[in-house]
Amino acid sequence: MTEETIFTKIIKHEIKSDIRYQDEDVIVFADIAPKAKIHLLIVPTKPYPTVNDIPAEEIGIVSKMFLIAQKMAKELNIDESGYRLVINCNEDGGQEVPHLHMHLLGGENLSFNFIT
Ligand code: AMP
(Lines give C-alpha, C1' and ligand atoms only; values in the text may rest on other atoms or scores of the structure.)
Protein backbone atom coordinates (compact mmCIF):
# COMPACT_ATOMS: atom_id res chain seq x y z
CA MET A 1 0.00 0.00 0.00
CA THR A 2 2.95 2.34 0.59
CA GLU A 3 4.96 1.65 -2.56
CA GLU A 4 6.43 4.83 -4.05
CA THR A 5 5.44 5.33 -7.65
CA ILE A 6 5.92 8.09 -10.15
CA PHE A 7 2.43 9.29 -9.19
CA THR A 8 3.37 9.64 -5.52
CA LYS A 9 6.22 11.89 -6.61
CA ILE A 10 3.86 13.96 -8.77
CA ILE A 11 1.43 14.32 -5.84
CA LYS A 12 4.27 15.58 -3.64
CA HIS A 13 5.43 17.90 -6.44
CA GLU A 14 8.81 16.16 -6.42
CA ILE A 15 8.67 15.75 -10.17
CA LYS A 16 7.13 18.10 -12.67
CA SER A 17 3.79 17.41 -14.30
CA ASP A 18 0.98 19.32 -15.93
CA ILE A 19 -1.37 19.50 -12.94
CA ARG A 20 -4.93 20.59 -13.76
CA TYR A 21 -6.58 20.12 -10.35
CA GLN A 22 -5.55 19.15 -6.83
CA ASP A 23 -7.22 18.88 -3.45
CA GLU A 24 -6.45 16.79 -0.38
CA ASP A 25 -7.99 13.63 -1.85
CA VAL A 26 -7.42 13.76 -5.60
CA ILE A 27 -4.98 15.14 -8.17
CA VAL A 28 -5.55 15.49 -11.90
CA PHE A 29 -2.69 15.83 -14.36
CA ALA A 30 -2.09 15.36 -18.07
CA ASP A 31 -0.92 11.93 -19.23
CA ILE A 32 2.68 12.16 -20.41
CA ALA A 33 1.93 9.95 -23.45
CA PRO A 34 -1.58 11.03 -24.49
CA LYS A 35 -3.71 8.44 -26.32
CA ALA A 36 -6.29 11.08 -27.32
CA LYS A 37 -6.37 14.85 -27.83
CA ILE A 38 -7.43 15.14 -24.21
CA HIS A 39 -5.94 12.58 -21.83
CA LEU A 40 -5.98 13.30 -18.12
CA LEU A 41 -5.31 11.05 -15.16
CA ILE A 42 -7.55 11.34 -12.10
CA VAL A 43 -5.56 9.98 -9.17
CA PRO A 44 -6.39 9.59 -5.48
CA THR A 45 -3.66 11.05 -3.28
CA LYS A 46 -3.83 7.90 -1.14
CA PRO A 47 -1.82 5.23 -2.99
CA TYR A 48 -4.23 2.33 -3.38
CA PRO A 49 -2.26 0.10 -5.78
CA THR A 50 -5.34 -1.11 -7.69
CA VAL A 51 -9.14 -1.15 -7.62
CA ASN A 52 -8.80 -4.35 -5.56
CA ASP A 53 -7.20 -2.43 -2.72
CA ILE A 54 -9.90 0.15 -1.95
CA PRO A 55 -11.40 -0.81 1.43
CA ALA A 56 -15.21 -0.81 1.53
CA GLU A 57 -15.19 2.00 4.09
CA GLU A 58 -13.12 4.19 1.72
CA ILE A 59 -15.12 3.49 -1.44
CA GLY A 60 -16.31 7.12 -1.40
CA ILE A 61 -13.04 8.00 -3.15
CA VAL A 62 -14.48 6.43 -6.30
CA SER A 63 -17.49 8.77 -6.17
CA LYS A 64 -15.14 11.69 -5.75
CA MET A 65 -13.07 10.60 -8.77
CA PHE A 66 -16.25 10.53 -10.85
CA LEU A 67 -17.36 13.95 -9.62
CA ILE A 68 -13.97 15.37 -10.61
CA ALA A 69 -14.21 13.65 -13.99
CA GLN A 70 -17.57 15.41 -14.51
CA LYS A 71 -16.05 18.75 -13.51
CA MET A 72 -13.00 18.37 -15.77
CA ALA A 73 -15.14 17.27 -18.73
CA LYS A 74 -17.39 20.29 -18.28
CA GLU A 75 -14.44 22.67 -17.96
CA LEU A 76 -12.88 21.22 -21.11
CA ASN A 77 -16.22 21.48 -22.88
CA ILE A 78 -16.34 17.77 -23.77
CA ASP A 79 -19.23 16.85 -21.49
CA GLU A 80 -21.73 16.98 -24.36
CA SER A 81 -19.47 15.71 -27.17
CA GLY A 82 -18.48 12.80 -24.95
CA TYR A 83 -15.47 11.15 -23.41
CA ARG A 84 -14.24 7.85 -22.02
CA LEU A 85 -13.29 6.93 -18.45
CA VAL A 86 -11.03 3.90 -17.99
CA ILE A 87 -9.51 2.19 -14.98
CA ASN A 88 -7.03 -0.59 -15.70
CA CYS A 89 -6.39 -3.27 -13.08
CA ASN A 90 -3.24 -5.39 -12.86
CA GLU A 91 -1.40 -7.10 -15.68
CA ASP A 92 -4.22 -8.40 -17.86
CA GLY A 93 -6.01 -5.07 -17.46
CA GLY A 94 -2.93 -3.27 -18.80
CA GLN A 95 -2.13 -1.38 -15.61
CA GLU A 96 1.43 -0.03 -15.72
CA VAL A 97 1.53 2.23 -12.67
CA PRO A 98 0.51 0.51 -9.41
CA HIS A 99 -1.31 3.54 -7.99
CA LEU A 100 -5.04 3.64 -8.68
CA HIS A 101 -5.97 6.08 -11.44
CA MET A 102 -8.77 6.82 -13.86
CA HIS A 103 -8.03 7.86 -17.44
CA LEU A 104 -10.23 10.62 -18.90
CA LEU A 105 -9.96 10.56 -22.70
CA GLY A 106 -11.72 12.76 -25.21
CA GLY A 107 -11.54 15.71 -27.53
CA GLU A 108 -12.04 13.45 -30.53
CA ASN A 109 -14.14 10.46 -31.57
CA LEU A 110 -12.83 7.36 -29.76
CA SER A 111 -15.23 4.79 -31.22
CA PHE A 112 -12.45 2.76 -32.82
CA ASN A 113 -9.80 3.28 -30.16
CA PHE A 114 -9.78 0.55 -27.54
CA ILE A 115 -6.31 1.29 -26.23
CA THR A 116 -5.47 3.25 -23.11
P1 AMP B 1 -2.01 2.49 -16.77
O2 AMP B 1 -1.48 1.73 -17.95
O3 AMP B 1 -3.49 2.43 -16.65
O4 AMP B 1 -1.29 2.13 -15.50
O5 AMP B 1 -1.69 4.01 -17.08
C6 AMP B 1 -0.54 4.65 -16.65
C7 AMP B 1 -0.46 5.94 -17.40
O8 AMP B 1 0.47 6.80 -16.75
C9 AMP B 1 0.04 5.79 -18.86
O10 AMP B 1 -0.96 6.26 -19.74
C11 AMP B 1 1.31 6.65 -18.89
O12 AMP B 1 1.46 7.34 -20.11
C13 AMP B 1 1.09 7.58 -17.71
N14 AMP B 1 2.31 8.13 -17.11
C15 AMP B 1 3.42 7.46 -16.77
N16 AMP B 1 4.33 8.31 -16.22
C17 AMP B 1 3.75 9.53 -16.23
C18 AMP B 1 4.18 10.84 -15.80
N19 AMP B 1 5.39 11.05 -15.26
N20 AMP B 1 3.32 11.88 -15.97
C21 AMP B 1 2.12 11.69 -16.52
N22 AMP B 1 1.66 10.49 -16.94
C23 AMP B 1 2.46 9.43 -16.80
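Quick note: residue numbers are just sequence positions, from 1. Both ligands and their constituent atoms are indexed starting at 1 by order of listing.
In this structure, the side chain of Arg84 engages the main chain of Leu110 through a donor-acceptor pair within 3.5 Å. Judged purely by atom type and a 3.5 angstrom limit, Asn90 has no side-chain atom pairing as donor or acceptor with the backbone of Gly93.
Interface atoms of ligand 1 facing Asn88, defined by a heavy-atom separation under 4.0 Å, are 1 (P), 2 (O), 3 (O). For ligand 1 and Lys35, the ligand atoms under 4.0 Å from any heavy atom of the residue are 10 (O), 12 (O). Every atom of ligand 1 is numbered from 1 in the order shown, and the set under 4.0 Å from a heavy atom of Ala33 is 12 (O). Within ligand 1, the atoms closer than 4.0 Å to a non-hydrogen atom of Ile10 are 18 (C), 19 (N), 20 (N), numbered from 1 in the order shown.
Contacts between Leu41 and ligand 1 below 4.0 angstrom, taking non-hydrogen atoms only, involve the side chain exclusively. Contact annotation: for Ile32 versus ligand 1, heavy atoms closer than 4.0 Å belong to both the backbone and the side chain. At a 4.0 Å heavy-atom cut-off, ligand 1 touches Ile6 through the side chain alone.
In this structure, His39 and His103 have tilted ring planes: the angle between them lies in the 30° to 60° band.
Using a 3.5 Å distance cut-off with no hydrogens or angles, the side chains of Tyr48 and Glu58 do pair a donor with an acceptor.
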Show the numbers, then the answer: is there a side chain to side chain contact (heavy atoms under 4.5 Å, CB included) between Glu96 and Asn88?
CA-CA 8 Å; Glu96 289 168 14; Asn88 297 322; over 6 Å; no
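Every heavy atom of Ser17 sits 4.0 Å or more from the atoms of ligand 1.
Some N or O of Asp31 is nearer than 3.5 Å to an N or O of ligand 1, by distance alone.
Lys64 and Glu24 are not joined by a salt bridge, as no carboxylate oxygen comes within less than 4.0 angstrom of a charged side-chain nitrogen.
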